Protein chains: 4
Amino acid sequence: MAFEIRILPGSAAPIFRQIVDQVRLAATTGQLRSGEQLPSVRALAERLLINPNTVARAYSELASDGVIESQPGRGAFVSASRQIYTRPERLRRIEPLVNALITEGLSLGFAVEELTDAIRARAAQVRGKQS
Amino acid sequence: MAFEIRILPGSAAPIFRQIVDQVRLAATTGQLRSGEQLPSVRALAERLLINPNTVARAYSELASDGVIESQPGRGAFVSASRQIYTRPERLRRIEPLVNALITEGLSLGFAVEELTDAIRARAAQVRGKQS
Amino acid sequence: MAFEIRILPGSAAPIFRQIVDQVRLAATTGQLRSGEQLPSVRALAERLLINPNTVARAYSELASDGVIESQPGRGAFVSASRQIYTRPERLRRIEPLVNALITEGLSLGFAVEELTDAIRARAAQVRGKQS
Amino acid sequence: MAFEIRILPGSAAPIFRQIVDQVRLAATTGQLRSGEQLPSVRALAERLLINPNTVARAYSELASDGVIESQPGRGAFVSASRQIYTRPERLRRIEPLVNALITEGLSLGFAVEELTDAIRARAAQVRGKQS
DNA sequence: GTGGTCTAGACCACG
DNA sequence: GTGGTCTAGACCACC
């Protein structure tokens, strides 16, 4: 598997959130294929040197979001990809992040073009990892 | 004053952060002019039905960010706008918001162009409030 | 750790400011190394016999100044040192202290050379603590 | 009189402190001569557009410091200049300002030479006003 | 255990 | 009246 979950120790984001985000993104971009098996809670916790509860919480959130399916005793598997949110719901979910970027960005003195450029650059980076 | 601070009770953002963000954005877009006086700590607390300490904390953060100047015994006033952070620091501060938008946006199934369009649209809205 | 925060009860400086200044200076001189963990909010409050909120406020200011990074649930750690303010902003921040020293110093009858000597002597002392 | 007290409205220093400092400095540098009469409390308050209580407080502090002598009904006069503090006392009084400048200056990334240069430059400015 | 936020209420300096 | 500081005590999210 080319896909490796990584925890950034200096990050402000909580560890369980980092795991959730990485798996969700990988599943969306195709880095993780539908049906693929994730490492077990215990194995991942050991590899990342973190508390198993933290991994369990991440998997639980992923399962309730429909990204993975946990089959007790067998493991966790990537779900068949599907749009789970309607377009209005997706807009509702992205809006606060757009607002935060605008507020912080303009206050820091960035031009709108600099922000959109940064988005494109970062997106290219992320997509580049796609296998 | 056309400018009114509003607290959204259901918001994930803490109250003091909502105040800071609204004042910063208003100062950036020119809705609040340099030299203009803000409502007093106690007055704003009363209007928003929150504790004066919460407002004081917001004002204190705005002062250390150079957005306002607090003059004990006199009041709080909007500063002349200036760039206080170095470019690397500004990039460092905007980066997590760019990452969050990309991660969440792509996971939700948005195309990169949809995200940059949303940024531009929201920025135009915000700038439109400028008096 | 050779580094010990101390509160001077008779000092004009507020408690949270004394903490901020001591940590900032220690981080600058290398007495506190990048990555090093600070005492927890509660532990330091207990040791200094002050309210945890006061320590929390000091840590929060240090974090927004880029001196430390607070990781909820993990602790507070010294950041890699970096220049976060533009040169005009740095001058703006040092100016009132220069003015205060000049005004008070000359009024007390010190010659300018005596003041610069005192600066150099004190700086040497401070740097000497470097490990 | 070449000497004019000026209040900087944007300054963080309290108004009474600004008055005290300017008078003390002027008396030390000879801009105000021994025996010279100061404006009356009411007159100064009117000219500076501030509360008479504030001027009265400044004069009272100056009088208790021996810089001026208030003669009820006649006005306030600059005292004969004299060293009122012993050298150890003068050092004791200047020390916290030296420490503050070092702490803030080094934390901001200034070199010691930059600080002493700033002191010299500012002192030259102040002395230049001398009549 | 960790840090973060909020409330309530007190006291101070300044104008 | 203004803002600034501190205490006490509560609740939350995260590990």
Side-chain angles (χ1 to χ4, degrees), chain A residues 7 9 11-19 45 48-58, chain B residues 7 9 11-19 37-45 48-64 68-77, chain C residues 7 9 11-19 37-45 48-64 68-77, chain D residues 7 9 11-19 45 48-58:
Chain A
I7 299 303
S11 169
I15 295 175
F16 87 92
R17 171 97 276 144
Q18 297 184 40
I19 297 174
L48 300 178
L49 302 171
I50 62 180
N51 194 309
N53 289 335
T54 304
V55 178
R57 172 161 183 195
Chain B
I7 299 305
S11 168
I15 297 176
F16 84 92
R17 181 122 293 277
Q18 297 184 39
I19 298 173
Q37 183 163 13
L38 293 177
S40 82
V41 167
R42 289 159 172 84
L44 187 54
L48 300 179
L49 301 173
I50 61 178
N51 191 291
N53 283 338
T54 304
V55 178
R57 176 166 180 196
Y59 279 18
S60 149
E61 182 154 328
L62 285 164
S64 83
I68 69 173
E69 277 161 42
S70 282
Q71 300 179 356
R74 283 170 267 175
F77 302 84
Chain C
I7 298 304
S11 168
I15 297 175
F16 85 92
R17 181 122 293 277
Q18 296 183 41
I19 298 174
Q37 182 162 13
L38 293 176
S40 82
V41 167
R42 290 159 171 83
L44 186 54
L48 300 179
L49 302 172
I50 61 180
N51 191 291
N53 282 337
T54 304
V55 178
R57 176 166 179 194
Y59 279 19
S60 150
E61 183 154 327
L62 285 164
S64 83
I68 69 173
E69 276 161 43
S70 282
Q71 300 179 357
R74 285 170 265 176
F77 303 84
Chain D
I7 299 305
S11 168
I15 295 175
F16 88 91
R17 173 95 275 143
Q18 296 184 38
I19 298 173
L48 300 178
L49 302 172
I50 62 180
N51 192 310
N53 290 335
T54 305
V55 179
R57 173 161 182 194

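If you're wondering where the values come from, they're calculated on a predicted model, not measured in any experiment. Just the heavy atoms: all of them, side chains too, but no hydrogens, waters or symmetry mates, feed the values below. Just so it is clear: chains get the letters A, B, ... in the order the sequence lines come, proteins before strands, and each one is counted from 1.
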Round to a whole Å and report the spacing from [atom1] of [X] to [atom2] of [N].
X: B:Ile50; N: E:dG9; atom1: CD1; atom2: P; result: 16 Å
X: C:Leu62; N: E:dG3; atom1: CG; atom2: P; result: 13 Å
X: B:Phe16; N: F:dG4; atom1: CZ; atom2: P; result: 16 Å
X: A:Arg17; N: F:dC15; atom1: CZ; atom2: C1'; result: 16 Å
X: C:Leu48; N: F:dC6; atom1: CG; atom2: P; result: 12 Å
X: B:Leu49; N: E:dT7; atom1: CG; atom2: P; result: 10 Å
X: C:Arg42; N: F:dG9; atom1: CZ; atom2: P; result: 14 Å

Next on the checklist: Taking pairing as Watson-Crick or G-U wobble with both contacts under 3.5 Å, can you name the mate of F:dA10, or confirm there isn't one?
Outcome noted: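 Result: E:dT5.
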Do the side-chain N or O atoms of [X] get closer than 4.0 angstrom to the phosphate oxygens (OP1, OP2) of [N]?
X: C:Arg57; N: F:dC6; value: no
X: B:Ser70; N: F:dG3; value: no
X: C:Arg74; N: E:dG3; value: no
X: B:Thr54; N: E:dT7; value: yes

Checklist entry - If you look at every strand shown and take non-hydrogen atoms under 4.0 Å, does A:Asn53 touch a base, only sugar-phosphate, or nothing? => result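 Nothing, no nucleic acid heavy atom in range.
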Checklist entry - Relative to the 5' end of DNA chain F, which residue comes earlier, A:Ile15 or B:Ser60, by the nucleotide with the nearest heavy atom? => result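 Going by which nucleotide is closer to the 5' end, it is B:Ser60.
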Checklist entry - Which atoms form the tightest heavy-atom contact between C:Ser11 and C:Gln18, and what is the distance? => result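 Result for this residue pair: CB-NE2, 3.5 Å.
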Item to check | Where C:Ser70 and C:Ala76 come nearest, the two heavy atoms and their spacing | outcome: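 Shortest heavy-atom contact: OG-CB, 4.0 Å.
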Checklist entry - Does C:Tyr59 or B:Ala13 map to a spot on DNA chain E nearer the 5' end, using the closest nucleotide for each? => result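 It is C:Tyr59 whose nearest nucleotide is closer to the 5' end.
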Checklist entry - Pick the nucleotide of DNA chain E nearest each of D:Asn51 and B:Pro14; which residue has the one closer to the 5' end? => result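 In this pair, the answer is B:Pro14.
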